[in-house]
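Working notes, structure below.
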There are 2 protein chains.
Amino acid sequence: MPRKPGATTQALSAPDENVPLDASLDSLIGYALRRAQLKMFQQLIEDFRPFDLRPAQFSALVIIESEPGLMQTDLARALTIEPPQVVTLLNKLESRGLAVRVRCKPDKRSYGIFLSKAGEVLLKQLKEIAAQSDITATSSLSPVERQQLLALLHKVYHNENAE
Amino acid sequence: MPRKPGATTQALSAPDENVPLDASLDSLIGYALRRAQLKMFQQLIEDFRPFDLRPAQFSALVIIESEPGLMQTDLARALTIEPPQVVTLLNKLESRGLAVRVRCKPDKRSYGIFLSKAGEVLLKQLKEIAAQSDITATSSLSPVERQQLLALLHKVYHNENAE
DNA sequence: TATTGTTATACTCTATAACTATA
DNA sequence: TATAGTTATAGAGTATAACAATA
């Protein structure tokens, strides 16, 4: 059994030239990330259930609100999904009266995407639920730890070296 | 303990003296977790490409190695997937000659699952690739930060309060 | 009756090619 | 010709019901 990742394991280790790179799943950040992410998603989906809303739809609403009139290509890039997925997603939001496509651009191929009034009102509620859900799912962390985790995750996500 | 954001809770508290609960996506751990996880998965899938192997298949191999002879129900629980998914996954591993199902239990409904010799040999290689991939994807973190992140993620994942 | 593994099925998510209408 | 949005399609991943063999 490997020991728990405690505080005092790092400094004394010699430069590991040919350490076997132990990869028991518990030592892989990717694995822990996956499990934690699944758990948090489950929580959010559960908390969104009364609204019949998926996490990606919520993200879309937030992005549209923060950049009203953006094009579908922009939304695709922001969500890192493909344009065809944006179509489905937007169709759903539009049919529920939460967002609208408006032909309002010089370039008549594209739409400007906006929240409807109903979308704005609902989103306000959804944001509180999402924030509460986030805290609930991470209730084993102290506020400081939560900030640390957030910072570390952003550091991973914004890493330019990888991929 | 903040309230559950129910339907009609704040009829009177017009100005939100409450905590703003800002939920711009960047302040949500769940969102950061999702983005980071996707990025790391992409990296791993890329690094596994020469082996035509999915992350879940790798996890299965590691678990089988650590608990030889386990049943498919055990594997399902360990991977938090459903039994029917184990069937597909194992069929693939078995058809590639990496794992085997053996009727070796008192209970003749179940199989014991083992790695083949080829599975053991390949897994050794895969583990090194996975470990290297993990480090590459988190190369923006110092070793200490990596350990911190791992510990925080485990804390989230093992949180009993949530869900 | 309950459980192990299985089949069948369905729904979501994801990715790509090809079409349309503009540019 | 290139781009924005769309359609069609196919592949994973995930979840559930129902069945056969065994307990």
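Numbered from 1 within each chain, the chains take letters A, B, ... in sequence-line order.
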Sort me out a list of protein N/O and nucleotides 9-13 of chain C N/O pairs below 3.5 Å, or just none if empty.
from: dC13(C); atom 1: OP1; to: Arg54(A); atom 2: NE; distance (Å): 2.8
from: dC13(C); atom 1: OP1; to: Arg54(A); atom 2: NH2; distance (Å): 3.3

Considering only nitrogen or oxygen atoms on both sides, find all protein atoms under 3.5 Å from nucleotides 6-10 of chain D and state each distance.
from: dT6(D); atom 1: OP1; to: Arg101(A); atom 2: NH1; distance (Å): 3.0
from: dT6(D); atom 1: OP2; to: Gln72(A); atom 2: OE1; distance (Å): 3.1
from: dT6(D); atom 1: OP2; to: Gln72(A); atom 2: NE2; distance (Å): 2.7
from: dT6(D); atom 1: OP2; to: Arg101(A); atom 2: NH1; distance (Å): 2.9

(Q) What I want to find out is whether Lys105(A) reaches Asp107(A) closely enough, with some N-O distance under 4.0 Å, to be called a salt bridge. (A) no

Q. Within this structure, what is the CD-to-P distance between Gln37(A) and dG13(D), rounded to whole angstrom?
A. 15 Å

Q. For Lys108(B) and dA20(D), what is the distance between atoms NZ and C1' respectively, to the nearest whole Å?
A. 17 Å

Q) In terms of ring plane angle, is the pair His154(B) and His158(B) parallel, tilted or perpendicular, where the classes change at 30° and 60°? A) tilted

Q) Looking at Leu53(B), Asp47(B), Asp134(B), which hits side-chain contact (heavy atoms from CB on, under 4.5 Å) with Ile129(B)? A) Asp47(B)

Q: Could you check which of dA15(C), dT3(D), dT4(C) has an atom nearest any side-chain atom of Ser110(B)?
A: dT4(C)

**Q.** Atom pair distance, as rounded to whole Å: CZ in Phe41(B) and C1' in dA15(C)
**A.** 17 Å

Q. Within this structure, what is the CG-to-C1' distance between Leu89(A) and dG5(D), rounded to whole angstrom?
A. 15 Å

Q.
Please report the distance, rounded to the nearest Å, between CD in Glu82(B) and P in dT6(C).
A. 15 Å

(Q) Counting only side-chain nitrogens and oxygens, does Thr73(B) get under 4.0 Å of the OP1 or OP2 atom of dG5(C)? (A) yes

Q | Whole-Å gap separating P (dA15(D)) and CZ (Arg49(A)) | A | 11 Å

**Q.** Nearest atoms (heavy-atom pairs only) where Ala76(B) meets Glu82(B)
**A.** CB-C, 4.3 Å

(Q) By nearest heavy atom, map Thr80(A) and Arg109(B) onto DNA chain C; which one lands nearer the 5' end? (A) Arg109(B)

Q. Under a 4.5 Å cut-off applied to non-hydrogen side-chain atoms, are Gln72(A) and Arg101(A) in contact?
A. yes

Q.
Distance check needed: dT6(C) P versus Lys92(B) NZ, whole Å only.
A. 17 Å

Q) More 5' along DNA chain C: Leu70(B) or Ile81(A), using each one's nearest nucleotide? A) Leu70(B)

Q.
Run Leu153(B) and Leu149(A) through side chain to side chain contact (heavy atoms under 4.5 Å, CB included) and show every step you take.
A. CA-CA 8 Å; Leu153(B) 290 172; Leu149(A) 177 53; 4.1 Å; yes

Q: Under the side chain to side chain contact (heavy atoms under 4.5 Å, CB included) rule, what do Thr80(B) and Arg35(A) come out as? Steps first, then yes or no, please.
A: CA-CA 9 Å; Thr80(B) 40; Arg35(A) 311 286 299 225; 3.7 Å; yes

Q | Residue pair Val156(A) / Lys39(B): nearest heavy atoms and the distance that separates them | A | O-CD, 3.9 Å

(Q) Between P on dA15(C) and CG on Leu38(B), what's the gap in Å once rounded to a whole number? (A) 8 Å

Q) Between Leu25(B) and Phe58(A), which heavy-atom pair has the shortest distance, and what is it? A) CD2-CE2, 3.9 Å

